Amino acid sequence: MRANPFQSRYNFREAEARWQKTWEDGKVFETKTDDPRPKYYVLEMFPYPSGRIHMGHVRNYAMGDVVARYRRAKGHAVLHPMGWDAFGMPAENAAMEKKSHPGTWTYANIATMRTQLKSMGLSLDWAREFATCDPKYYKHQQRMFLDFLKAGLVTRKTSKVNWDPVDHTVLANEQVIDGRGWRSGALVEQRELTQWFLKISDYSEELLSALDGLDRWPEKVRLMQANWIGRSEGLSLRWQLVAATAPAGFSELEIYTTRPDTLFGASFMAVAADHPLAKAAGERDPKLAAFLEECRRMGTSQAAVDTAEKKGYDTGIRAMHPLVPGLEVPVYVANFILMDYGTGAIFGCPAHDQRDHDFATAYNLPIKPVVRPVALSDAEANAAFDRKNSPTTDDGVLFNSGFLDGLTVAAAKEAIAKHFESESFGGRPVGQRKVNFRLRDWGISRQRYWGCPIPVIHCDDCGTVPVPNQDLPVVLPEDVTFDVPGNPLDRHPTWKHANCPCCGKPARRETDTMDTFVDSSWYFARFTDPFNADEPTTPAAIAKWLPVDQYIGGIEHAILHLLYSRFFTRAMTITGHASLKEPFAGLFTQGMVVHETYKSAAGAWLSPVEVRIEAGDGGRRALEIATGKDAVIGSIEKMSKSRKNVVDPDDIIESYGADTARWFMLSDSPPERDVIWSEEGVQGASRFVQKVWRLVGEAVDLLKAQSGGTPHAVTKAAHKAILAVGDDLERLRFNRCIAHIHDLSNSISSALAEPGRDTAGNAAIREAVVIMVQLFAPMMPHLAEECWKELGGSGLIADALWPAADASLVVEAVISLPIQINGKKRGDIDVPTDASPADVEALVRADAKIMAILEGKPIRKVIVIPKRIVNIVV
RNA sequence: GCCCCUGUGGCGGAAUUGGUAGACGCGACCGACUCAAAAUCGGUUUCCGCAAGGAGUGCUGGUUCGAUUCCGGCCAGGGGCACCA
């Protein structure tokens, strides 16, 4: 006779390893492309192989796995793949430190993290795994780049980079700290390089308007993308320069504005430091040249530009106001004007723009109000105007503005546009309406080794020549060193020398590699058929599996990754590699994992394992284990190495098991919000695992022979739970699912404690236990398999269908309605569920208790909301 | 500066989307079992009050028979973007 497994605690260590092996041996989660069931593609953002997985990964992949397992149970053919976003800078940094190859470090990390992910028991199709640094992957990426090139989706132009003048290398924004290179400490300079771009800005309008169709995306993300694309309607306007003040060859300055209505308030103009006019003026004014040089020493990141003090320099050039005869306006160079946006030049109206106001105040320029509140007269508005006051840009009425006086802002914009469209000089209209976008082309050139080589050859005679398809992939050389800063591809002795595919003469390979965002802009498509060695994608597989039905990842990718992927999918469709526009039908962005911070009495950060928490009357307190002294419990923050408030998933899975870790990650906090990792919380989850094991043990021991069943309270609870959990899983509200499952387990406990149970009661409990196991199976899959086996379920629970709820069991014959008097609850009354409002009102009026509370006050009105509430107004 | 989100017991949160505020969990307290502890089981747990009762969802107005939910103003915390013209 075999030992009763329920006499001891559930042994997660033994069970989890065993079920993981069963799933793997049976290839349970490998997806068959010809599976006839309706498809469902679940994808979590694939990880960068940084070393070890962290709790954020656990949360992300636990959520995705619940969706995947639930969809399997609902009868879908589920695609749930995993891979590695394996190119990137950290590998080069590690190579520099450890004097090894980036690939060695990357593949070692992948091996570690794969083992860690497998210990979570995820229902992943590992047969489809790939790493983006594998030539078998980036070969196809190079092929698509060349197809994009042919289709006119690629361009080459100059743009600015952060240049470290000591290390002679290009720096990423994060490598620039306080304007200095992170290793050399040298002041960073801006340098112009010719680089490769994908022409995403040609699709600004399309990418913006298609956001409306993404109805299963969070509103927040759509809004962020819309703001990033930044469509604006404005006017480009040509100002004539005062000839005596302008550099040779310059007679006009074209600006872009979204507030042409404020033109009468213009008191200065400003151009970007790299505007041609600024450069020309700099050649005749050494001080201006020095100022331009100073602007160039700002980093290229927006953050660097943002935090710099607003500065300007008067070029001495004067522009003629296009509407006020005789008014000459000074032209400044300003460090906050961007050459990339609009025309790189503006006019400033200090009274109605905060930044212009700051500038005018600093340089003592005129400030003239031109929009006033509707309620004031012109005279009152002029009298009330205060130079120091914050400018108002509220919608109002124009004044001090000639022919615009009395018009609304919108009408004035229209009038100005009409006026300048019909005026002209030099054979062109003075002003033109223009829709402008903030979105810029996507620069993909990186002067780095660990990325996908751009497959182009530069020939002195033929120019830039694509590498022929049959020569792909252009593979990274293995023999590289990182002891010197700079791009190893550039200084490699032989790699860059190649013959021109056109004329056959010696030529040079492109040594730039691609931005890693390119790698992640199509991996979801590659997963649909990663076995195709010849083509990036297989049309039938794309048609079958895309779009991704549910994409899950961090909010930090709300803009760039998702926007680039949306563009890339369109580009793939244009070049015949895909057949759709939007890659992600459903998107969910999960919150961070946060943890308390601890500091020793001496003020040093302490990690959670160095601290013991004691709970007592005075609340919780922390003790430093090593010293026995009190430690300070600090604020709850995102887990980070610097604050030491990290918890290692391996430790948690080792001491509590994967199911407990997953269960806790999903419980309590709504998934889109941050979750606080706490030891108490994990222990609570662990207790629930053991409770389930005990309940199943009782059900098995007592009720083995039972089957069938008649309605019973616990049956009703179980069927209600099926509906509630299913509904919440559909909406990814995992915390509520868990609450419903707790409820059901409580109902089962109560039913088991009832004295004098009959056969039917026993059968009902058994059925409820089976249902409970099925309901938590997506979240705690190992425990569910173990319980399923003990309860005599057939096959694997991973293959079992979701239980069907019997709607007739869920209906109640009588419900209790709350009774309010003047909106305050005063009592309850039991009424038949199907009672009409009139019946309910009659029952209420006949109820002695309610009438007693009323004390004979006349009833003015009785409001009956069926199945909800009754409100008596007296 | 602009945009977005959030604010409910000691704590995480729930509230059928305008209808019984505090489900479920954590913590705490009381009790049972135990020589004892752990584990487990039962009970209590928004606040004030002995009670009847009253107050209560950041603050403050409003709409409504009825507001955690909708609208206006404010406060606090978090996030994103940015000198975007």
Side-chain angles (χ1 to χ4, degrees), chain A residues 9 218-221 223-224 226-228 230-232 234-235 255-260 262 269-270 302-303 305-310 334-338 340-349 353-356 358-359 390 436-440 555-556 558-559 591-592 615-617 619-620 636 638 664 667-670 672-676 678-685 687-688 690-691 694 724 727 733 735-746 749 753 816-828 860-874:
Chain A
R9 290 164 65 81
E219 186 55 37
K220 184 169 55 162
V221 175
L223 206 66
M224 284 163 82
N227 289 342
W228 185 265
R231 184 182 195 277
S232 71
L235 190 74
I255 59 98
Y256 175 76
T257 179
T258 56
R259 290 298 302 273
T262 64
M269 313 198 57
Q302 289 301 337
V305 178
D306 295 349
T307 49
E309 188 192 343
K310 290 182 188 75
N335 62 358
F336 55 85
I337 302 297
L338 305 175
D340 295 316
Y341 190 80
T343 60
I346 62 150
F347 78 77
C349 174
D353 181 281
Q354 183 63 53
R355 195 197 47 218
D356 293 348
D358 295 346
F359 194 82
S390 263
N436 219 354
F437 292 93
R438 181 184 171 280
L439 182 64
R440 300 195 287 255
I555 187 72
E556 66 272 22
I559 297 175
M592 295 182 299
D617 310 345
R620 299 164 71 247
I636 295 170
K638 180 180 178 172
F664 174 63
S667 59
D668 283 3
S669 289
E672 69 278 6
R673 276 205 228 166
D674 292 351
V675 65
I676 301 172
S678 75
E679 197 66 16
E680 293 94 329
V682 188
Q683 284 165 4
R687 273 201 296 276
F688 184 71
Q690 297 301 339
K691 176 181 175 177
R694 283 195 307 275
D727 184 51
R733 302 202 285 198
N735 56 321
R736 292 179 20 137
C737 294
I738 286 178
H740 292 309
I741 292 168
H742 275 295
D743 264 340
L744 177 56
S745 78
N746 290 340
S749 294
S816 170
L817 279 188
I819 309 297
Q820 291 184 332
I821 294 168
N822 287 343
K824 287 203 183 266
K825 193 195 164 193
R826 294 296 171 184
D828 296 282
R860 276 180 40 210
K861 202 171 169 189
V862 176
I863 294 154
V864 178
I865 309 296
K867 296 179 189 175
R868 288 268 186 275
I869 206 164
V870 178
N871 192 10
I872 303 168
V873 187
V874 296

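Protein chains get the first letters and strands the later ones, always in sequence-line order, with residue 1 at the start of each. All values below were derived from every heavy atom in this structure, side-chain atoms included, with hydrogens, water molecules and symmetry-related copies excluded. If you're wondering where the values come from, they're calculated on a predicted model, not measured in any experiment.
Across the protein-nucleic acid pair, A:D727 atom CG and B:rU17 atom C1' stand 13 Å apart, rounded to whole Å. Atom-to-atom, CZ of A:F347 to C1' of B:rA85 comes out at 9 Å; the value is rounded to the nearest Å. Note: CG (A:N227) to C1' (B:rC81) measures 8 Å, nearest angstrom. Atom NE2 of A:H740 and atom C1' of B:rG13 are 13 Å apart (whole Å). Regarding A:K825, its NZ atom lies at a distance of 14 Å from the P atom of B:rG54, rounded to whole Å. Residue A:R687 contributes atom CZ, which lies 5 Å from atom P of B:rC26 at whole-angstrom precision. Taking atom CG of A:D668 as the reference point, atom P of B:rC24 lies 13 Å away to the nearest angstrom. If you measure from atom CG of A:D743 to atom C1' of B:rA14, you get 11 Å, rounded to the nearest angstrom.
Separation of the C1' atoms belonging to B:rU45 and B:rG22 is 12 Å when rounded to the nearest angstrom. For the P atoms, the distance linking B:rA55 with B:rG61 amounts to 16 Å, nearest Å. Across the C1' atoms, B:rU46 and B:rG12 are found 16 Å apart, a figure rounded to whole Å. The same atom, C1', is picked in B:rG58 and in B:rG54; the two are 22 Å apart, to the nearest Å. Using P as the reference atom, B:rC41 and B:rC26 are 10 Å apart when rounded to the nearest Å.
Within the 4.0 angstrom heavy-atom criterion, no nucleotide atom of any strand lies near A:D356. Across all strands, A:S669 comes closer than 4.0 Å only to sugar-phosphate atoms, never to a base (heavy-atom distances). A:R733 comes within 4.0 angstrom of a nucleotide base, judged by non-hydrogen atoms across all strands. Counting any heavy atom pair closer than 4.0 Å across all strands shown, A:I255 reaches no nucleic acid atom.
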Protein-nucleic acid N or O pairs under 3.5 Å, nucleotides 41-48 of chain B:
none

Could you go over nucleotides 6-9 of chain B and give all protein N or O partners under 3.5 Å, atom names and distances?
none

Polar atoms only, N or O, under 3.5 Å: list the protein pairs with nucleotides 61-68 of chain B and their distances.
residue	atom	partner	partner atom	Å
B:rC65	O2'	A:N871	ND2	3.1
B:rC65	O2	A:N871	ND2	2.5

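Between the side chain of A:Y256 and the main chain of A:G234, a donor-acceptor pair closer than 3.5 Å is present. Judged by distance alone, with hydrogens and angles left aside, the side-chain atoms of A:R826 form no donor-acceptor pair with the main-chain N or O of A:I821 at under 3.5 Å.
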Subject >> Dot-bracket encoding per residue of RNA chain B, Watson-Crick/G-U cut-off under 3.5 Å, | denoting interstrand >> reply: (((((((..(((......[....)))((((((.......))))))(((....)))..(((((..]....))))))))))))....
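Across A:K867 and A:L817, no two heavy atoms sit closer than the pair C-CD2, 3.8 Å. The two residues A:R259 and A:F347 make their nearest non-hydrogen contact at O-CZ, 3.8 Å. Residue A:I819 comes nearest to A:I872 through the heavy atom pair CG2-CD1, 3.9 Å, listed as atom of the first residue, atom of the second, then distance. Here the closest non-hydrogen pair linking A:Y341 and A:S232 is OH-OG, 3.3 Å. A:S745 and A:H742 make their closest contact through OG-O, 2.8 Å (heavy atoms, listed as atom of the first residue, atom of the second, distance). Shown here for A:L235 and A:P260, the closest heavy-atom pair between the two residues is CD2-CB, 3.8 Å.
Contact of the A:V862 side chain with the A:V870 side chain is registered, since non-hydrogen atoms from C-beta on lie closer than 4.5 Å. Residues A:F688 and A:S667 are not in side-chain contact: their nearest non-hydrogen atoms beyond the backbone lie 4.5 Å or more apart. When side chains are defined from C-beta on, A:D668 does not count as touching A:N735, because their heavy atoms never get closer than 4.5 Å.
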**OP:** Before giving the answer on side-chain contact (heavy atoms from CB on, under 4.5 Å), spell out for A:V682 and A:R687 the whole-Å C-alpha distance, their side-chain angles and the decisive distance to 0.1 Å.
**Re:** CA-CA 9 Å; A:V682 188; A:R687 273 201 296 276; over 6 Å; no
Subject >> Test side-chain hydrogen bond (donor to acceptor under 3.5 Å, both in side chains) applied to A:K825 and A:N871, step by step >> reply: CA-CA 8 Å; A:K825 193 195 164 193; A:N871 192 10; over 6 Å; no
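Annotated as anti: B:rG25, whose glycosidic dihedral deviates from 0 by more than 90°. With a glycosidic angle more than 90° from 0, B:rU68 adopts the anti conformation.
Distances shorter than 4.0 Å separate none of the side-chain N or O atoms of A:K824 from OP1 or OP2 on B:rG53. Between A:N735 and the phosphate of B:rA14, there is a side-chain N or O to OP1/OP2 separation shorter than 4.0 Å. Between A:Y341 and B:rA85 there is a side-chain polar atom (N or O) within less than 4.0 angstrom of OP1 or OP2.
The residue among A:R868 and A:A739 whose nearest nucleotide of RNA chain B is located toward the 5' end is A:R868. Between A:G342 and A:P670, the residue whose closest nucleotide on RNA chain B is further toward the 5' end is A:P670.
Comparing B:rA85, B:rU20, B:rG25 by their closest approach to the side chain of A:T257 singles out B:rA85. Nearest nucleotide to the A:W228 side chain, out of B:rC81, B:rU20, B:rG25: B:rC81. Comparing atom distances between the A:R438 side chain and each of B:rA82, B:rC24, B:rA85 picks out B:rA82 as nearest.
Scanning for side chain to side chain contact (heavy atoms under 4.5 Å, CB included) contacts around A:A334 gives A:A270, A:F336, A:I337, A:F359, with sequence neighbours left out. For the side chain to side chain contact (heavy atoms under 4.5 Å, CB included) test, residues two or more places apart in sequence or in another chain that qualify with A:P866 are A:P837.
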